[in-house]
Amino acid sequence: MDWLFAGLILIALFFLVVVFVPLIYFSIKYRKGSRADRSNPSAGSDLLETGWTAFPTLVGIGIFGWGAIIYFHQQNPPADAMQIQVVGKQWMWKFQHAEGAREINELHIPTGRPVVLTMTSQDVIHDVFVPAFRVKQDVLPGKYTTEWFCPTKPGIYPLFCAEYCGTLHARMGGRVVVMEPAEYERWLSSGPPRLSLAAAGERVYRELGCSGCHDQQGTVRAPPLTNLFGRTVALQSGEVVVANEQYLRDSILLPGTQIVAGYENLMPSFQGRISEEEIMEIIAYVKSLSERKSP
Ligand code: CUA
């Protein structure tokens, strides 16, 4: 990212020189009253025109290719990345670790391990921006977006909200605390004992009565959840979708929109009855029932 940025600055500097040096030179040479030769104005040059079309085109395609490589790298977190769930709201960030630890406006992570944030918003659009990690991603209500990085150096790095979200937008932020792995393990076990995300999810799953239909014995009415995550699912509409986080979320809140082939539209929506955190917990539970950890 830094090299790309430096490259763009260098290219901009190059064109600055190409434009302004001749501009100043000709302004002086052809100033009013100078005795410069004004006969035989040039009618055009094929070489020059081809050159100034071809060269910037190649430079442009080069920048596009370079940026695309970085973009794809950024959009595809490694499969073994550490998972952190993030919920943004006016005006704070809530983080949840897979082991169950919860934090507000502060995120503790170890060095040397890729970390992927799965993020959503409880109200308006926010954006998680950690300048030191060169990552920035919008956080949207009703949708999961992700952002990943691999911290290499212990330290404290500021975290900002980078999308105007109301009165206290400027103060919505916090810090990322990067620690040595052993220190991180100590931090993780120092808090109050917590259910893991998946175990908390299983509790919500039972409390809301999901188990009545989705457990193995009830699977005539509802599709089983074992080994569902990461698999492809055939829908009644003929469409085939991948059971990723977004699919599970939509199935909980908008169950009528994607009916699995062979089942009836029986499930009520849980919109308003379940919090963003609880949805993330249930997803972690469904993930724990599957061998695949990423779609
Ligand atoms: Cu949240 Cu700006």
Side-chain angles (χ1 to χ4, degrees), residues 1-2 4-5 8 67 70-71 73-77 81-110 114-151 153 155-179 184 187 191 194 197 200-201 204 244-250 252-254 270-284:
M1 186 70 91
D2 288 350
L4 177 63
F5 188 68
L8 289 171
I70 295 176
Y71 180 81
H73 181 66
Q74 263 185 354
Q75 293 298 308
N76 291 297
M82 187 175 137
Q83 307 271 339
I84 304 276
Q85 313 299 319
V86 185
V87 178
K89 61 172 267 190
Q90 285 166 325
W91 289 276
M92 63 162 85
W93 293 111
K94 299 184 276 187
F95 299 98
Q96 256 182 306
H97 295 250
E99 294 82 359
R102 288 158 191 255
E103 309 185 66
I104 286 181
N105 292 340
E106 199 156 89
L107 174 62
H108 288 75
I109 44 172
V115 176
V116 54
L117 309 180
T118 302
M119 315 182 291
T120 192
S121 164
Q122 232 171 279
D123 36 49
V124 300
I125 302 177
H126 303 279
D127 188 305
V128 171
F129 180 31
V130 188
F133 300 168
R134 311 290 191 266
V135 288
K136 190 167 171 226
Q137 172 62 53
D138 271 8
V139 175
L140 312 169
K143 190 171 157 54
Y144 287 139
T145 53
T146 59
E147 172 169 285
W148 80 273
F149 41 79
C150 184
K153 224 166 90 183
I156 292 170
Y157 304 95
L159 164 88
F160 298 99
C161 176
E163 186 66 56
Y164 180 67
C165 57
T167 317
L168 294 182
H169 156 72
R171 291 217 207 124
M172 181 171 173
R175 53 191 206 153
V176 180
V177 181
V178 177
M179 313 160 103
Y184 172 73
W187 174 84
R194 287 267 196 190
L197 207 58
V204 179
N244 56 15
E245 284 93 347
Q246 187 70 44
Y247 169 79
L248 295 178
R249 181 202 163 83
D250 290 345
I252 295 168
L253 299 180
L254 308 159
F270 285 83
Q271 195 108 48
R273 294 175 56 192
I274 186 169
S275 70
E276 290 296 347
E277 283 87 350
E278 287 171 330
I279 298 173
M280 285 174 157
E281 286 164 0
I282 288 191
I283 291 175

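Just follow the structure's listing: the first ligand is 1, and inside any ligand the first atom is 1.
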Regarding E163, does it place an N, O or S atom less than 2.8 Å from atom 2 (Cu) of ligand 1? yes
N/O/S of C165 less than 2.8 Å from atom 1 (Cu) of ligand 1? yes
Face-on cation placement of R249 at Y144 ring, 6.0 Å and 45° thresholds: yes
Salt-bridged, D127 to K136, with N to O below 4.0 Å? no
Under 2.8 Å from atom 1 (Cu) of ligand 1, is there an N/O/S atom belonging to M172? yes
Measure from atom 1 (Cu) of ligand 1 to every N/O/S atom of H126 and report the name of the nearest one. ND1
Aromatic ring pairing W148/H73, orientation class (parallel under 30°, perpendicular over 60°, tilted between): perpendicular
H169: which N/O/S atom is nearest atom 2 (Cu) of ligand 1? ND1
Salt bridge flag under 4.0 Å for residues E99 and R194: no
Aromatic ring pairing F149/F133, orientation class (parallel under 30°, perpendicular over 60°, tilted between): tilted
Kindly confirm whether atom 2 (Cu) of ligand 1 is within less than 2.8 Å of some N/O/S atom in C161? yes
